[in-house]
2 protein chains.
Amino acid sequence: MTTAAHRPATLEDVARVAGVSRSTASRVVAGTGFASPAARRQVTAAVDQLGYVPNPAARALVRGGGVRLAVAVLGTSAAVLDDPYVHQVVGAAARVCTPAGVGVALYWLPFGDPRSLDQLDGDRSVCGVILVNTTEELLEAVPRSLHGRVVSIGVGSAAVPSFDVDNAAGSEAVLRHLYATGRRRIAMVTGPRWLPCAQRPVRTYRRLMAEAGLPERILPGDFRAARGRTAAGEALRRWPDIDAIYAISDDTALGVIAGLRDAGARVPSDVAVAGFDDIPLAGMTAPALTTASHPVGRIAAAAATALLDGRPAAPVTLFPSALVARASA
Amino acid sequence: MTTAAHRPATLEDVARVAGVSRSTASRVVAGTGFASPAARRQVTAAVDQLGYVPNPAARALVRGGGVRLAVAVLGTSAAVLDDPYVHQVVGAAARVCTPAGVGVALYWLPFGDPRSLDQLDGDRSVCGVILVNTTEELLEAVPRSLHGRVVSIGVGSAAVPSFDVDNAAGSEAVLRHLYATGRRRIAMVTGPRWLPCAQRPVRTYRRLMAEAGLPERILPGDFRAARGRTAAGEALRRWPDIDAIYAISDDTALGVIAGLRDAGARVPSDVAVAGFDDIPLAGMTAPALTTASHPVGRIAAAAATALLDGRPAAPVTLFPSALVARASA
DNA sequence: GTGAAAGCGCTAACAT
DNA sequence: ATGTTAGCGCTTTCAC
């Protein structure tokens, strides 16, 4: 029964209707403390008669908890906040925070300004922080008082638990696939140099090339498609015998394919191309993209959940990345 | 100076350090009411000495405002909350809400259960609601007490202001482009039948086909790539003379291109394909996708801003959609 | 088991 | 122009 009350009900209203004190109503609603079966029944009835929903703000105020979970993204400009990857993190976090009465906030952390974290630190409404695109410098600048309520999607530290994809293993699977299918002149388009978590695939690449006695061919990238397109041309020019390009992001890989096509090279017959992420469109392109999976949503949900739960998380939680072999390699 | 205070500072602390009363400090910090230049200076100094950040929860509590902005998405299952489009809306909303101390929440509104809105209605922590994927039924179920703090991305009503892309104009531009480039057997892959805002392009299509004396060829879609792929086969089978397919989403259009390729049809020589949205990858595919722009982020930001501002919005705010002609049509 | 009372951090009358 | 006072809605000792 929705008594279209013009003013949302308060706990006081519930208590009055149930004929008990506010304290008792609170105990029943919050599910904490004692209450007789009778009282419990009365209160429950009042609650859904009134359509009562607890006010998380009031609750947070008295308990000293926060009401917002901050997603804080390091980047050179505020434009990072428009990134689809960031949006996915925010969306997944919002989904798990909502039942807890917690909202999601989105902050830009200017590159090279570690003080930007102090603001979050001093904000009592922030119950937790998910750092995205962490660097050593940033991790060191995490204020002590944030310890215990900050996690990282990317590299972590002793004080900041990390939730990340196992991109070393994913990269290894992709590179071994390339090798197994006969490729011997393999180039790699990396992520931004300043991003530590993007260096793991690079190290894996170096190790594997060294082990196989193959040449190292590295091109700097930025996760974006446009860069992939130009990188393809560069690769062809510098290494005419190239037979495979591994890009650390699907967007970049798609750009690489476009760039190869621009130059008249065939994929995969002349040059095989592989990406990383397994975006939804990866199976639709021509040729369909070979890549490694990246469960961004699950990672973000896990990070947010850890923060909401408040108990200490493992220093590092790695999510598996599996090869998805399609037509491009 | 960051006095790494272990406990975040309160207004009380600021007042004490500044040597004024809490009220004065409040006035200065909130920028409301009078304050002498001297007091203003003292308080400002205290604020950044202490690294003080106002607590939005406490502020919301006393002012009766909310601390969360809800993005509520209508759908048949909770899986809609994983949609990249929804994530983009959430991300853009979060970006504008954060400076206001407001967090974003994400709700699923089960299809055919109008009561699901009552929960939001009774939640005092919710300062506004952005409805996504609205139907007439849902709009009618919006509780009176939500009026003035609810908007729609999609169709609206007398009580619910709408913020949407002008997909009728965008579709018209695309269809005229198809016609101008010689296409005469044009099929359309629509959005979900139950989604009112997706019917506008359909009406535009019908009108233009009728005006040009061309046959109407409509295939139901769902905005997704997989459906586009199967739709392409259907189109070829039912209408062998087809020379163009317009899909109301880029994902679907990319699926259509894949399906056409599966069937051995060439794009654009045999069949031209156009989409809608202008996703970042649209320029990278082979062939590059002709489409119409869709400023989702700007729309969501405008919707959120209207809610935060609290002043009545225009009944309908339409965002322009422009033709982006590339290679596929 | 239940109620009375205090108070989380802040703003907004209301005095002064 | 500034301080005093009274709460916003809720949880939580502490008596009963």
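Everything quoted here is computed from the prediction, not taken from an experiment. In the text below, chain A, chain B and the rest are named by the order of the sequence lines, each starting its count at 1.
The interatomic distance linking D123(A) (CG) with dG9(C) (P) rounds to 13 Å, in whole Å. Atom CD in E12(A) sits about 10 Å away from atom P in dA4(C), given to the nearest Å. Distance, L61(B) CG to dG9(D) P: 7 Å, rounded to whole Å. Summarising the geometry, the separation between CG on L11(B) and P on dG9(C) is reported as 11 Å, rounded to the nearest angstrom. Between D13(A) atom CG and dC8(D) atom C1' the separation is 13 Å, expressed in whole Å. Between the C1' atom of dT11(C) and the CZ atom of R22(B) lies a distance of 9 Å, rounded to the nearest Å. As rounded to whole Å, 15 Å separates atom P of dC14(D) from atom CZ of F34(A).
Taking five base pairs at each end of the helix from dG1(C)-dC16(D) to dT16(C)-dA1(D), the local helix axes there meet at an angle of 40°, rounded to 10°.
In terms of phosphate contacts, S26(B) brings a side-chain nitrogen or oxygen within less than 4.0 Å of OP1 or OP2 of dT11(C). Listed pair R124(A) / dG9(C) meets the phosphate criterion, a side-chain N or O lying under 4.0 Å from OP1 or OP2.
Judged by distance alone with a 3.5 Å cut-off, no donor-acceptor contact links the side chain of S21(A) to the base of dA4(C). A donor N or O paired with an acceptor N or O is found under 3.5 Å between the base of dT4(D) and the side-chain atoms of S23(B). Remark: the R40(A) side chain and the dG1(C) base include no donor-acceptor N/O pair separated by less than 3.5 Å.
Under the 4.5 Å side-chain criterion, counting only non-hydrogen atoms from C-beta, T134(A) is not in contact with V160(A).
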Evaluate the criterion side-chain contact (heavy atoms from CB on, under 4.5 Å) for residue pair H294(B) and I299(B); output intermediate values, then yes/no.
CA-CA 9 Å; H294(B) 184 178; I299(B) 294 173; 4.0 Å; yes
Going through the checks in order, is the side-chain contact (heavy atoms from CB on, under 4.5 Å) test met by F223(B) and L195(B)?
CA-CA 11 Å; F223(B) 291 146; L195(B) 194 62; 3.6 Å; yes
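One finds no salt bridge joining D121(B) and R144(B) here, because no Lys/Arg side-chain nitrogen approaches an Asp/Glu carboxylate oxygen to under 4.0 Å. A salt bridge does not link R115(A) with D113(A): every distance from a Lys NZ or Arg NE/NH1/NH2 to an Asp or Glu carboxylate oxygen is 4.0 Å or more.
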